[in-house]
J.: 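One structure coming up, written as structure tokens, with questions to follow.
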Amino acid sequence: MRGADRDKPGSRGRLGQGGTGRMTGSENSARRAALDLLGQVLGERRLLGDVLGSGVLDALAPPERARAQRLAVEALRGRDRADQLLAAHLRRPPPLRVRNALRLGTVELASGAAAHGVVNAYVGIIGTERAHARLKGLVNAVLRRVAGTAPSAWAGLPVPRMAGWLRDPLVAAWGAPKVAAMERAHLAGAPLDITLKPGAAGDDLVAQGAQMLPNGSLRIGAGGQVSALPGYESGAWWVQDAAASMPVRVLDPRAGESVLDLCAAPGGKTLQLAAAGAEVTAVDISEARLGRLRANLVRTGLRAEVRANDALAESGTYDAVLLDAPCSATGTLRRHPDLPHVRDAGAIAPLVALQERLIDHAWTLMRPGGRLVFCTCSLLPAEGEAQLARALATLPGATADRAAMMRPGIEPGWITAEGGLRLRPDYWPDIGGMDGFFIARLNRAA
């Protein structure tokens, strides 16, 4: 994986165990937490979502948690650029924790943060850690030098490329220019999209600058504390990328229908189905991940039957099935830049095999005349286009519903030859892009 072998674990302490000194001030608490998060991703090769899901930031106030997560994501997204700027000032790589402090500081400086505060903060953090205190002078000297050039030099650095294991098959599928456009979208990051509950207008958010997207989602922007936004406490909306809202729109649930949502957590699609009036059964193998789904159902006042179970063990007959299958999640790199540092090509084949089993099993859970929507948040054709081709060739009575793809916000050119829907990060470039997804609707003969 590109760059992964450069970051050998130099500090294996769990979050909160990196140092012995006591930091004061909310900004420095967030910076220390961001430094801990980077250590878990780049040192332990743990997905950032898994780390955050374990409650490691619960001791911080909500604004500090949001800032820590944002700093870590920005540093992961800009790691290659930060390393290029730092290379001119380092004779040899320092220990991973110190290197990550330099990366965080460089990314902050490149964004225009006040040099004095940034430099002092990371010198203070490293200086209070017994294992690294002797290197606080290095941190001070390097960040002061970077501060003189970071904002202007940053803009002139090349756009980071995706890891070779991912880039090569994408270039083969769509060509280098389109892949380069995806990489620009990844570097730009992801705004915050929400799905409005039926009847909620979102006027307060629009008044604050939110933008209505062609598919009906509302785009707010990036950063900030989600729970502090208007309408959150009243359950008027939930966070969901515009592309992630498309599978339910393609399924087109109707009031009173029985719909099975397989691999449902964290639950944005379950909320869409319930909001449409469907009788929803939401199933996920992870009881922990279902906790967030249950909380959002309570917050929004929506109803669904929720249970922890292996999707392959489900039985019954439904009018429709939605399968958001486990996948490489390579379509979400603009919001999850930790993925290339944790995963590699070796994970793809087992995921593809699991998707095949899930599609085949989901097909048996529909009544005659029913419909199945299969989707993955992946950019890889093996997890999308190839899965649709296999399903059409092997599932009895299956047809791809091309007409179901013609929804507001969907361009005809996004529909594949087989009748699936391919979404990519370089789409909607003028309004902030979208996650990568593949979506297919299979109708079962009556």
J.: Is His186 close to Pro337 at the side-chain level, that is, under 4.5 Å between some pair of heavy atoms?
T.: no
J.: Under the side chain to side chain contact (heavy atoms under 4.5 Å, CB included) test, which residues partner Ala265, sequence neighbours left out?
T.: Asp284, Arg289, Leu290
J.: Please check this pair: side chain of Arg402 against backbone of Thr416, looking for a donor-acceptor N/O pair closer than 3.5 Å.
T.: yes
J.: Going by the rule side chain to side chain donor-acceptor pair (under 3.5 Å), which residues pair with Arg167 if we only count those two or more places apart in sequence or in a different chain?
T.: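 With sequence neighbours excluded, Arg167 shows a side chain to side chain donor-acceptor pair (under 3.5 Å) to Glu183, given in chain and number order.
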J.: Check side chain to side chain contact (heavy atoms under 4.5 Å, CB included) between Glu411 and all other residues, then give those that pass, not counting sequence neighbours.
T.: Trp414
J.: Side chains of Tyr122 and Asn120: closer than 4.5 Å at any heavy-atom pair?
T.: no
J.: Mind listing the closest non-hydrogen atom pair of Arg81 and Val159 along with its distance?
T.: NH2-N, 4.2 Å
J.: Are side-chain heavy atoms of Met405 and Pro412 found at a separation under 4.5 Å?
T.: no
J.: Hey, does Leu205 have a side-chain heavy atom less than 4.5 Å from the side chain of Ile194?
T.: yes
J.: Does Ala190 offer a backbone N or O that forms a donor-acceptor pair with the side chain of Arg335 under 3.5 Å?
T.: no
J.: Quick check: does any side chain N or O of Arg422 sit under 3.5 Å from a backbone N or O of Phe437, one acting as donor and the other as acceptor?
T.: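 Checked: pair present.
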J.: Between the side chain of Asp241 and the main-chain N/O of Asp435, is any donor-acceptor distance below 3.5 Å?
T.: yes
J.: Under the salt bridge (Lys or Arg N to Asp or Glu O under 4.0 Å) test, which residues partner Arg67, sequence neighbours left out?
T.: Glu108
J.: Side chains of Arg97 and Asn100: donor-acceptor distance under 3.5 Å anywhere?
T.: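 Result is no, nothing qualifies.
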J.: Could you tell me which residues satisfy side chain to side chain donor-acceptor pair (under 3.5 Å) with Asp204, sequence neighbours excluded, listed by chain and number?
T.: none
J.: What do the steps show when you test Leu42 against Leu76 for side-chain contact (heavy atoms from CB on, under 4.5 Å), and what is the final call?
T.: CA-CA 9 Å; Leu42 298 178; Leu76 288 165; 4.0 Å; yes
J.: Under 3.5 Å, which donor-acceptor pairs do the side chains of residues 372-380 form with other protein atoms, sequence neighbours left out?
T.:
residue, atom, partner, partner atom, Å
Thr376, OG1, Glu383, O, 2.9
Ser378, OG, Ser328, OG, 3.3
Ser378, OG, Thr330, OG1, 3.3
Ser378, OG, Leu380, N, 3.0
Ser378, OG, Glu383, OE1, 2.6

J.: A side-chain contact here means heavy atoms from C-beta on lying under 4.5 Å apart; do Leu157 and Leu85 qualify?
T.: yes
J.: Could you tell me the separation between the CZ atom of Arg99 and the CG atom of Leu38, rounded to the nearest 0.5 Å?
T.: 11.5 Å
J.: Could you state the interatomic distance from CG (Leu166) to CZ (Arg161), rounded to the nearest 0.5 Å?
T.: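 Between atom CG of Leu166 and atom CZ of Arg161 there are 12.5 Å.
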J.: Run the side-chain contact (heavy atoms from CB on, under 4.5 Å) check on Arg45 and His341 step by step: do they pass?
T.: CA-CA 7 Å; Arg45 296 190 66 179; His341 304 293; over 6 Å; no
J.: Hey, are Arg46 and Ser54 close enough side-chain-wise for a donor-acceptor pair under 3.5 Å?
T.: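 There is no such pair (donor and acceptor under 3.5 Å, judged by atom type) between the side chains of Ser54 and Arg46.
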J.: Does Leu48 offer a backbone N or O that forms a donor-acceptor pair with the side chain of Asp338 under 3.5 Å?
T.: yes
J.: Is there a side-chain contact between Ile125 and Glu129 (heavy atoms, below 4.5 Å)?
T.: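 A side-chain contact exists here, since the closest heavy-atom pair is under 4.5 Å.
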J.: Can you tell me how far CD of Glu385 sits from CG of Leu421, rounded to the nearest 0.5 angstrom?
T.: 10.0 Å
J.: Just by distance, do the side chain of Arg441 and the backbone of Val250 share a donor-acceptor pair under 3.5 Å?
T.: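 Answer holds: yes.
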J.: Which atom names give the shortest non-hydrogen contact between Ala275 and Leu302, and what distance separates them?
T.: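 Closest pair (atom of Ala275, atom of Leu302, distance): CA-CD2, 3.9 Å.
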J.: List the residues meeting side chain to side chain contact (heavy atoms under 4.5 Å, CB included) with Asp168, not counting sequence neighbours, and say none if there are none.
T.: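 So Asp168 forms no side chain to side chain contact (heavy atoms under 4.5 Å, CB included) with any residue.
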J.: Can you check side-chain contact (heavy atoms from CB on, under 4.5 Å) on Arg424 and Trp174, steps first, answer last?
T.: CA-CA 11 Å; Arg424 300 201 316 247; Trp174 294 298; 3.7 Å; yes
J.: Test Trp154 against Thr106 for side-chain contact (heavy atoms from CB on, under 4.5 Å), laying out the working first.
T.: CA-CA 9 Å; Trp154 188 268; Thr106 298; 4.3 Å; yes
J.: With rounding to the nearest 0.5 Å, note down the distance linking CG in Leu35 to CD in Gln40.
T.: 11.0 Å
J.: Do Arg31 and Val118 come close enough that some side-chain heavy atom pair is under 4.5 Å?
T.: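 When only atoms from C-beta onward are counted, Val118 and Arg31 do touch, with a gap below 4.5 Å.
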J.: Tell me every residue that passes side chain to side chain donor-acceptor pair (under 3.5 Å) with Arg294, counting only those two or more places apart in sequence or in another chain.
T.: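 Once residues adjacent in sequence are excluded, the partners of Arg294 under the side chain to side chain donor-acceptor pair (under 3.5 Å) criterion are Glu287.
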J.: Please list, chain by chain and in numerical order, all residues satisfying ring-ring contact (aromatic ring centres under 6.0 Å, His included) with Trp238, sequence neighbours excluded.
T.: none
J.: Of the non-hydrogen atoms in Thr300 and Asn296, which two are nearest, and what is the gap between them?
T.: OG1-O, 2.7 Å
J.: Heavy atoms only: give me the nearest Leu354-Pro326 pair and the separation to one decimal.
T.: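 Of all heavy-atom pairs spanning Leu354 and Pro326, the closest is CD2-CG, 4.0 Å.
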J.: Locate the shortest heavy-atom distance separating Gly331 from Pro425; write the atom from each residue and the value.
T.: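 In terms of heavy atoms, the two residues are closest at O-CG, 4.4 Å.
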J.: Nearest 0.5 Å, what's the CG-CG distance between Asp83 and Leu102?
T.: 9.5 Å
J.: Side-chain contact test, heavy atoms from C-beta onward, threshold under 4.5 Å: evaluate it for Val41 versus Val342 and give yes or no.
T.: yes
J.: Around atom CZ of Arg407, are there more than 12 heavy atoms from other residues, nucleotides or ligands closer than 6.0 Å?
T.: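 Check passes, neighbour count above 12.
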J.: Kindly say whether Ser245 contributes a backbone atom to a donor-acceptor pair with the side chain of Gln272 at under 3.5 angstrom?
T.: yes
J.: Going by the rule side chain to side chain donor-acceptor pair (under 3.5 Å), which residues pair with Asp324 if we only count those two or more places apart in sequence or in a different chain?
T.: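 So Asp324 forms a side chain to side chain donor-acceptor pair (under 3.5 Å) with Lys269.
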J.: Looking at every non-hydrogen atom in both residues, tell me the closest pair between Gly433 and Arg334 and how far apart they are.
T.: C-NH1, 3.6 Å
J.: More than 12 non-hydrogen atoms from neighbouring residues, nucleotides or ligands closer than 6.0 Å to NZ on Lys136, yes or no?
T.: no
J.: If you round to the nearest 0.5 Å, how far is CG of Leu196 from CG of Leu218?
T.: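 Reported value, rounded in 0.5 Å steps: 5.5 Å.
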J.: Once side chain to side chain contact (heavy atoms under 4.5 Å, CB included) is applied, do any residues pair with Ala242, and if so which ones, sequence neighbours excluded?
T.: Asp193, Leu213, Asn215, Ser217, Arg219, Trp428
J.: Return a table of donor-acceptor pairs under 3.5 angstrom between the side chains of residues 140-147 and protein atoms on other chains or two or more places apart.
T.:
residue, atom, partner, partner atom, Å
Asn140, OD1, Arg144, NE, 2.9

J.: Using 4.0 Å as the upper bound for N to carboxylate O, is an ion pair formed by Arg184 and Asp426?
T.: no
